[in-house]
Engineer: 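Can you keep this structure in mind? I'll have questions shortly.
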Amino acid sequence: MHSNKILLRSTLNARRALSLCVQQQQYRHTSTSSLLRSPVANSKTRLNSSTVPVWAPSRKASTVSTDGGDGSAFTASTASTTTTKDEVVVAPSTSSAPQPDSDAPSENINDPAVPVEDAADSTQSTAPPAHHLFRPAPTPLRYPNGHQTLLPLVLTCNNLVLPQDPWHVQEPLVVGSRTSSGGIAAQERVIPFLVSHDPGDKPIGWLLPEVAAAISRDHLRHFQRDSASPWEVRYFEEGVRVKAPSVLGGGTGPLHGYHGGEYGVEFMQSVSFADWVNEGGRHARTLHIERLVLEWRRKKVFSDLLKDWSDEPYPVFNHPKAHNSPEEPLAFAIESAALPLFGLPNYGALLTAYVYDPDTQETKLWIPKRSKTKKNSPGKLDVTAGGGVRLGDTPLVTILRESSEEALLDTDFISSYVRSVGTLPFPHRQASSPLSSSFSTVLDSVHPTPTHHRDSYDHRLTLDAHRSHYILPGLYFLYELELPSDLSVLPQPNILDGEVQSFSLMGLQDVLNNLLAGKFKSSSAMAVVDWLVRHGYVTEENDSRFAEVCRHLRVDVGMPGVWRKRL
C-alpha cells in the first residue's frame, strides 16, 4: 500500500511537471508568433478576441468606446487622415482578462514558478493561422510576348557612362549614353569639377563645355577686376590636342564638344575651388556657388533649367579620403535646379507601399500617376512617394515629409512600420532643351519592329552636334511599407500639393507590363524593378538576363555618397 502511494505521488508530480513544461512552451510559441506576425496580419484578428492589435497609434486620433454586442467592449480610434467611416483602428480591449479554463489544474496557475500572465496567455488559443507566420514562395511573373528580360529598360534608365581614366590625364574626357542593346551613343566632352586639385581628390561633378565656358568667363572677369578668383582652372600642357580618347570603346556617332569654344574651353583640363575658398570650408564654397548661379539666373543664362528655381538648397558631399577622415562630409549646398549644370549627384528617398491579401495570396503595389502639369515626367507612373533629400534632412525625414504631402499618409504610422531596404544608384544622363533635345522614342525606320515586339522604353538618343545632354546622377535611399489589405490605411492624392493625379492598387503583372511599356518615370522604374527582384517576382527563372539586370541595377559611377563623420 505504501509503495502504491509513492507511485501515485510520483505519477502526479510527473504529470504536473509535464503540464508546466507544455505551458512554458506555449508561452514561448505565443511570444515568438507575436513577433513574427506583421501589423497587416494582425489586422485580420477577430474583434471579439481578448487581445486586438492597434494599427496606427496616432497622436491625433479620437477614441470612441462601443459595445461589442456580446457584453465585451472594444475601442475604435479614427485617425485624423481618414475620410470614411470604414477606416477604423481597433485598440486593445479594456475588459478584464479572461478566466482560465476550469479543467486546468489550479496548482499550475497559482504556482510561483509560473508567472500569472504566462499562465493566462497559455490558456488562450493564440496560435495564428499559417499565413500570418509564413507566406508561400512568390511565383515569378510572366513576361508579355516579345519580352524576355528587363535589361534594356535598366540600360536605358541607368544610361550614364562616365570616363574611367583619372581626371588629371593629359587628354580630354568624354561621357556617353548607353543604349538598350548595350552600345554607347551621344558621346561628348566633359570637364571634371573638383573641390580641390589635391592629388587624392576625385571629381564630384562633370561640366559640359557650355557650363565650363561660363565658369571660365567668371574666372577671367575676376582677374580683369584685379580681384581673387574663387576658381582654380587648370589647362592641358602645351601641345596637347583635343581629340577623342578611347575610354568609351565601342561608341558610335560623332563626338560632341570639340567644335571649339570661347574663353579657352578647348584647353581646359579641370575646374575646382581656389585654395583660399577651401580654407573657408563649406560656407565659403556655398557662398561663391550661390553668387554664380544667381548671376546666371539674373542674366537668363541656362534658363531652361534655372527657370524652375525652387529655393530649396540641396547638399553636395565630399569624397571621404579614409575610413576615419577628419574632413567635413558636406562640401557645399546648391539650389536644386542647378544640380544638372555641374553634373552633381542628386540624393533622394523613395517609398514603395504594397498590400498582401492572405485570402487570395496576391500582392499589389500602390502606384500613383503623376500630375500632367509636372514638368518632369508628366502623367508617368511613379513610386508611392518620394523626393529629394534637402539640406539638413535625413532620408527618413524626407520619406515622412513626402508621404504626408503627396499621399496624405499619417507620419506616426509610417515611422512605426516603414522599413529601410538599402540604396539604389541612378547613373542618369538627362536630355534638356534648348542645349539638348528630348529622348526620341521613334524606332529605327530601316529595321521596323512589329508592334508587339516594340520596346517603347528604348529611347534612341539624338546625335545632333549642336545639342548636349545634362548629367544628373542620383543616389536613392529605398523604403517599403506594407499596408493593410482591408484598405483601412491607404494613400490618397493631395489636391493642395498637386503632385499626384491618382493612386491605383496595381497587380504585379500589370506593374511589369507598364514597366516594359515605358510608362514609369525612369528613377521610379528602377526602384520598382529592385522591389520585384528583392521580393522574388523577377528571377533567373523568368528573366533571361537576370544576372546582368542585377549588376546594372547597382552600377558604381564613382560619385560621392551620403556619409557622416566618425564619432
Side-chain angles (χ1 to χ4, degrees), residues 38 40 43 84 86-87 135-136 138-147 149-150 153-154 157 349-372 374 376-387 399 402-403 406-409 414 417-419 421 424 455-457 476 478-494 497 499-539 542-543 549 553:
S38 68
V40 176
S43 67
T84 64
D86 295 331
E87 299 175 20
R135 295 179 181 175
T139 302
L141 298 175
R142 183 183 67 259
Y143 279 65
N145 292 336
H147 297 277
T149 178
L150 286 170
L153 171 66
V154 175
C157 290
L350 304 177
L351 172 69
T352 303
Y354 64 98
V355 167
Y356 174 77
D357 190 341
D359 297 328
T360 62
Q361 297 183 355
E362 184 179 6
T363 301
K364 296 181 179 181
L365 300 184
W366 278 111
I367 301 296
K369 185 176 183 180
R370 295 169 63 85
S371 173
K372 294 182 179 180
K374 293 281 293 181
N376 184 15
S377 304
K380 290 280 190 177
L381 301 180
D382 209 340
V383 291
T384 310
I399 286 296
E402 297 296 334
S403 299
E406 298 178 359
L408 295 178
L409 290 172
I414 298 173
Y417 298 113
V418 73
R419 296 175 58 236
V421 291
L424 182 72
D455 291 337
S456 58
Y457 52 81
Y476 295 103
L478 300 182
Y479 292 82
E480 64 181 35
L481 176 68
E482 185 174 0
L483 295 179
S485 59
D486 60 2
L487 306 184
S488 58
V489 180
L490 74 166
Q492 304 174 61
N494 186 352
D497 183 65
E499 298 280 339
V500 176
Q501 177 178 327
S502 61
F503 280 94
S504 301
L505 192 57
M506 189 177 296
L508 297 184
Q509 189 63 52
D510 291 334
V511 169
L512 178 63
N513 294 342
N514 285 320
L515 282 171
L516 294 171
K519 295 184 178 180
F520 273 86
K521 180 185 173 186
S522 296
S523 57
S524 301
M526 296 299 93
V528 173
V529 171
D530 179 82
W531 190 96
L532 293 174
V533 170
R534 284 187 293 103
H535 287 260
Y537 294 99
V538 172
T539 69
N542 62 342
D543 195 293
V549 168
L553 272 176

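Heavy atoms only: backbone and side chains are in, while hydrogens, waters and symmetry mates are out.
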Engineer: Nearest 0.5 Å, what's the CD1-CG distance between Ile367 and Asp510?
Structural biologist: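 Answer rounded to 0.5 Å: 10.5 Å.
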Engineer: Given Leu505 and Leu487, is the side chain to side chain contact (heavy atoms under 4.5 Å, CB included) satisfied, shown in steps?
Structural biologist: CA-CA 10 Å; Leu505 192 57; Leu487 306 184; 4.1 Å; yes
Engineer: Mind listing the closest non-hydrogen atom pair of Tyr356 and Ser485 along with its distance?
Structural biologist: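 So the minimum-distance heavy-atom pair works out to O-CB, 3.5 Å.
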Engineer: If I compare all heavy atoms of Pro368 with all of Val383, which pair ends up nearest, and what's the gap?
Structural biologist: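 That closest heavy-atom pairing would be CG-O, 2.9 Å.
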Engineer: If we only count heavy atoms from C-beta on, is the Arg370 to Asn376 side-chain gap below 4.5 Å?
Structural biologist: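 Result yes, sub-4.5 Å side-chain heavy-atom pair found.
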Engineer: Indicate yes or no: at least one non-hydrogen side-chain atom of Leu424 is less than 4.5 angstrom from one of Met526.
Structural biologist: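 SC-SC contact between Leu424 and Met526 confirmed.
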Engineer: Compare all side-chain heavy atoms of Val529 with those of Val538 and state whether any distance is below 4.5 angstrom.
Structural biologist: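 With C-beta onward as the side chain, the pair stays apart.
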Engineer: If you apply the rule side chain to side chain contact (heavy atoms under 4.5 Å, CB included), what do you find for Tyr354 with Thr384, and how did you get there?
Structural biologist: CA-CA 9 Å; Tyr354 64 98; Thr384 310; over 6 Å; no
Engineer: Does some side-chain heavy atom of His535 sit less than 4.5 Å from a side-chain heavy atom of Glu480?
Structural biologist: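 Sidechains of His535 and Glu480: in contact.
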Engineer: Taking Gln501 for the side chain and Gly379 for the main chain, is one N or O donor matched with an acceptor at less than 3.5 Å?
Structural biologist: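 Not a single qualifying donor-acceptor pair exists.
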Engineer: For side chain to side chain contact (heavy atoms under 4.5 Å, CB included), just list the numbers for Trp531 and Val421, CA-CA rounded to whole Å, side-chain angles, deciding distance to a tenth of an Å, and then say yes or no.
Structural biologist: CA-CA 9 Å; Trp531 190 96; Val421 291; over 6 Å; no
Engineer: Which heavy atom of Val489 sits nearest a heavy atom of Pro484, and at what distance?
Structural biologist: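 In terms of heavy atoms, the two residues are closest at N-CG, 3.7 Å.
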Engineer: Excluding sequence neighbours, so at least two apart, what forms side chain to side chain contact (heavy atoms under 4.5 Å, CB included) with Ser371?
Structural biologist: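 So Ser371 forms a side chain to side chain contact (heavy atoms under 4.5 Å, CB included) with Thr373, Lys374.
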Engineer: Does Leu365 form a side chain to side chain contact (heavy atoms under 4.5 Å, CB included) with Leu508? I'd like the steps, not just the answer.
Structural biologist: CA-CA 7 Å; Leu365 300 184; Leu508 297 184; 3.7 Å; yes
Engineer: Under the side-chain hydrogen bond (donor to acceptor under 3.5 Å, both in side chains) rule, collect the residues that match up with Asp543, sequence neighbours excluded.
Structural biologist: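 By the side-chain hydrogen bond (donor to acceptor under 3.5 Å, both in side chains) rule, Asp543 matches Tyr143, Thr149.
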Engineer: Mind checking what makes side chain to side chain contact (heavy atoms under 4.5 Å, CB included) contact with Pro138, not counting sequence neighbours?
Structural biologist: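 Scan of Pro138 (side chain to side chain contact (heavy atoms under 4.5 Å, CB included), adjacent residues dropped) gives Tyr537.
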Engineer: In the structure I gave you, are the side-chain heavy atoms of Asp530 and Thr352 within less than 4.5 Å of one another anywhere?
Structural biologist: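 A side-chain contact under 4.5 Å is absent here.
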Engineer: Locate the shortest heavy-atom distance separating Leu553 from Val154; write the atom from each residue and the value.
Structural biologist: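 For Leu553 and Val154, the tightest heavy-atom pair comes out as N-CG1, 4.1 Å.
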Engineer: Can you name the nearest heavy-atom pair linking Ile399 to Ile414, along with the distance?
Structural biologist: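 In this case the closest contact between Ile399 and Ile414 is CG2-CG2, 4.3 Å.
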Engineer: Can you tell if the side chain of Asn514 reaches within under 4.5 Å of the side chain of Met506, non-hydrogen atoms only?
Structural biologist: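 A side-chain contact exists here, since the closest heavy-atom pair is under 4.5 Å.
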Engineer: Please report the closest heavy-atom contact between Leu483 and Pro491, naming both atoms and the distance.
Structural biologist: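 In terms of heavy atoms, the two residues are closest at CD1-CD, 3.8 Å.
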Engineer: So, does Asn542 use its side chain to make a donor-acceptor pair with the main chain of Thr539 at under 3.5 Å?
Structural biologist: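 Yes.
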Engineer: Is the shortest side-chain heavy-atom distance between Ser504 and Leu381 below 4.5 Å?
Structural biologist: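 No, their side chains stay 4.5 Å or more apart.
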Engineer: Quick one: pull up OH in Tyr479 and CZ in Arg419 and give me the separation to the nearest 0.5 Å.
Structural biologist: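 Between Tyr479 OH and Arg419 CZ, I get 12.5 Å after rounding to 0.5 Å.
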Engineer: How far does CD of Glu406 sit from CG of Asp382, to the nearest 0.5 angstrom?
Structural biologist: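 One gets 7.5 Å once the value is rounded to the nearest 0.5 Å.
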Engineer: Are Arg135 and Glu482 within salt-bridge range, i.e. N to O under 4.0 Å?
Structural biologist: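 Yes, this pair counts.
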Engineer: Got a second to check how far Leu490's CG is from Leu409's CG, nearest 0.5 Å?
Structural biologist: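 Going from CG on Leu490 over to CG on Leu409, the span is 8.0 Å.
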Engineer: Is there side-chain contact between Leu512 and Val528, with at least one heavy-atom pair below 4.5 Å?
Structural biologist: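 The answer is no, as the side chains (C-beta and beyond) never meet within the 4.5 Å cut-off.
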